[in-house]
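The structure appears below as structure tokens.
Residue numbers begin at 1 in each chain, while the letters A, B, ... track the order of the sequences.
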Amino acid sequence: MPAAANPAVAKPVPALPDPGALLAWYDRHQRRLPWRAPSGLRQDPYRVFLSEIMLQQTTVVTVAPYYDAFLRRWPDVEALADAPLEEVLSAWAGLGYYARARNLHACAKAVCERHGGQFPADEEALLALPGIGPYTAAAIAAIAFERRAAPVDGNWERVVARLFAVADPLPKARAKLRVLALTLLPRARYGDFAQAMMDLGATICTPRKPACALCPWQSPCAARALGAPERYPVKAAKAARPTRQGVAFLAVRADGAVLVRSRPPKGLLGGMSEVPSTPWETGGSVHPAIHAPFSASWTALNATVTHVFSHFALELQLWRADVPADARAPAGHRWVLPGGFDAEAFPSVMRKVLAHAQPFFTGPE
DNA sequence: AATACGTGGCA
DNA sequence: TTGCCAAGTAT
């Protein structure tokens with residue numbers, strides 16, 4: 001041991017992170033989640049798929065009730081593939097990132113048509129399915145099929161960035177973090193390891209105030225050695241969020257029905273239901289009336305609906321018109337009674353709008 | 001590579 | 001109140 005024999009060259013070399021230490025921690029502290037199989041059992045690939053799509057950029061607490069509802073309504077991939085897209089969108093309403101729901105449905109169809117109703121086990125084949133990117137392909141491969149794969153999500157990135165004190169800012173550091181993450185993989189238990197990394201990130205190695213004293217990897221962690229684990233990962237500055245304005249037209253029929261239409265199949269809130277409105281633009285529309293679904297005595301309500309989307313904030317003024325029970329719906333529009341609201345694919349912003357149409361409709365929960 | 005794409009909770 | 005954050009993907 002030449003190095004150790006020379007005190008002048010000897011440095012305190014931190015131990016490399018041991019995958020076994022994390023797995024041992026996971027065996028004691030793993031969270032019980034609705035989509036997790038009983039210990040030692042492999043989870044149904046459809047359930048892994050469903051949960052992973054829902055969990056993209058979405059918290060466990062938010063996902064849980066949606067996951068239960070979907071699984072009860074569509075217990076397997078064939079059932080989901082056979083469902084009308086409108087029903088899937090309606091069930092997804094409120095979860096956000098609605099392209100996920102469209103792709104979820106398209107993916108179920110693809111699995112049935114291209115793979116005989118069986119999810120493929122290979123990352124590459126999974127990656128070819130709609131809505132399944134690098135993370136989800138790896139997650140399904142590891143968790144449902146016990147394949148050697150690294151589903152590098154935000155938790156992995158945070159844990160790895162701290163373990164190795166990666167100073168490069170995200171998202172550019174992503175490739176480097178992935179390489180480092182691969183060095184951590186164990187020789188077995190790939191599914192458990194993937195979920196252990198996520199549990200560690202969610203409960204110990206948290207974005208703020210990480211609980212380093214409880215961490216199975218506190219000893220090899222470079223960021224902790226530096227005394228500032230919460231400084232990692234470094235993130236690039238995000239773009240400012242502009243505000244857009246618009247006017248939403250609340251046409252209320254004498255029996256309480258509200259005039260509704262469906263948004264274009266792609267883009268923002270693609271395929272979802274909405275109250276007709278002007279375009280949403282920074283600066284707003286100079287002449288809202290030309291965008292009204294029909295001519296009527298529109299009254300500006302003393303109400304503004306505000307809503308924050310991922311890349312802009314919205315301020316919606318409300319115009320209301322009360323119309324006779326025999327009023328016709330313009331082309332592309334339909335009347336929906338309050339009792340039918342739950343069957344519609346109203347995103348959260350529209351639930352806020354509709355709360356102003358019906359005093360007895362409370363809107364988003 | 002950069003941007004579009006939701007929502008709700010928390011400090 | 002404002003900004004940050006959560007099991008990302010598509011283009």
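To the nearest 0.5 Å, atom CZ of residue A/R31 and atom OH of residue A/Y26 are 9.0 Å apart. A/I53 CD1 to A/C107 SG: the interatomic distance, rounded to the nearest 0.5 Å, is 6.5 Å.
Spacing between C/dC4 and B/dG6 at atom C1', rounded to whole Å, works out to 15 Å. The gap from the P atom of C/dA7 to that of B/dA4 amounts to 24 Å, rounded to the nearest Å. Using C1' as the reference atom, B/dG8 and C/dT1 are 16 Å apart when rounded to the nearest Å.
Other cluster members for A/F294: A/V247, A/F249, A/L259, A/W298, A/W319, A/V323, A/W335, joined by side-chain heavy-atom distances under 4.5 Å among Ile, Leu, Val, Met, Phe, Trp and Tyr. Applying the 4.5 Å side-chain rule to ILVMFWY residues, one finds A/L226 in the same cluster as A/Y232.
When each of A/F309 and A/A239 is assigned the nucleotide of DNA chain B with its nearest heavy atom, A/A239 is the one assigned upstream, toward the 5' end. Mapped onto DNA chain C by nearest heavy atom, A/K266 and A/A202 fall at different nucleotides, with A/A202 at the one closer to the 5' end.
The phosphate of B/dT7 has neither OP1 nor OP2 within less than 4.0 Å of any side-chain N or O from A/T58. Residue A/Q57 has a polar side-chain atom (N or O) positioned under 4.0 Å from OP1 or OP2 of C/dG8. Distances shown here put every side-chain N or O of A/H311 at or beyond 4.0 Å from the OP1 or OP2 atom of B/dG6. Taking only side-chain nitrogens and oxygens, A/K238 never comes nearer than 4.0 Å to OP1 or OP2 of C/dG3.
We find that CG of A/L104 is positioned 12 Å from P of C/dA10, with the value rounded to whole Å. What separates CD of A/E52 from P of C/dG8 is a distance of 9 Å, to the nearest Å. B/dG8 atom P lies 10 Å from atom CZ of A/R351, rounded to whole Å. Atom-to-atom, CZ of A/R241 to P of B/dA4 comes out at 12 Å; the value is rounded to the nearest Å. Regarding A/I53, its CD1 atom lies at a distance of 11 Å from the P atom of C/dG8, rounded to whole Å. The distance between atom CE of A/M350 and atom C1' of B/dT7, rounded to the nearest whole Å, is 15 Å. Straight-line distance from the CD atom of A/Q56 to the P atom of B/dG6: 13 Å, rounded to whole Å. Per the geometry, CZ belonging to A/F312 stands 10 Å off P belonging to B/dA4, to the nearest Å.
A/L33 comes within contact range of at least one nucleobase, with a heavy-atom separation under 4.0 Å.
Within a heavy-atom distance below 4.0 Å of DNA chain B, no residue of residues 59-88 of chain A is found. Of all the residues in residues 91-103 of chain A, A/G94, A/L95, A/G96, A/Y97, A/Y98 reach under 4.0 Å from DNA chain B with at least one non-hydrogen atom. Within a heavy-atom distance below 4.0 Å of DNA chain C, the residues of residues 124-136 of chain A found are A/P130, A/G131, A/I132, A/G133, A/P134, A/Y135, A/T136. For the segment residues 147-183 of chain A, the set of residues with a heavy atom within less than 4.0 Å of an atom of DNA chain C comprises A/D153, A/G154, A/N155, A/R158, in numerical order.
A/D68 pairs by the salt bridge (charged side-chain N to carboxylate O under 4.0 Å, His left out) definition with nothing, not counting sequence neighbours. Scored by the ring-ring contact (aromatic ring centres under 6.0 Å, His included) test, A/H333 finds no partners at all (sequence neighbours excluded). With sequence neighbours excluded, no residue forms a side-chain hydrogen bond (donor to acceptor under 3.5 Å, both in side chains) with A/D44. Shown here are the ring-ring contact (aromatic ring centres under 6.0 Å, His included) partners of A/H29, two or more places apart in sequence or in another chain: A/W25. In this view, A/R36 and A/D199 satisfy the salt bridge (charged side-chain N to carboxylate O under 4.0 Å, His left out) rule, not counting sequence neighbours.
Listed for the A/R100 side chain is a donor-acceptor partner under 3.5 Å among the backbone atoms of A/L95. Between the side chain of A/R158 and the main chain of A/G201, a donor-acceptor pair closer than 3.5 Å is present. Side chain of A/R162 to backbone of A/P229: a donor-acceptor contact under 3.5 angstrom is found.
In A/R241, the CZ atom is crowded: over 12 heavy atoms of neighbouring residues, nucleotides or ligands sit closer than 6.0 Å. Within a 6.0 Å sphere centred on CD of A/E230, other residues, nucleotides and ligands contribute more than 12 heavy atoms.
The side-chain hydrogen bond (donor to acceptor under 3.5 Å, both in side chains) with A/S262 is formed by just one residue from the set A/R334, A/E344, A/E274; it is A/R334. Each of A/W92, A/F49, A/W35 was checked for a ring-ring contact (aromatic ring centres under 6.0 Å, His included) with A/Y67, and the lone residue meeting it is A/W35.
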| Could you go step by step and tell me if A/Q56 and A/T136 meet the side-chain hydrogen bond (donor to acceptor under 3.5 Å, both in side chains) rule? | CA-CA 9 Å; A/Q56 290 168 8; A/T136 305; 3.0 Å; yes
| remark: Symbol by symbol from the 5' end, with Watson-Crick or G-U pairs under 3.5 Å, [ ] crossing and | another strand, DNA chain C is .|||||.||||
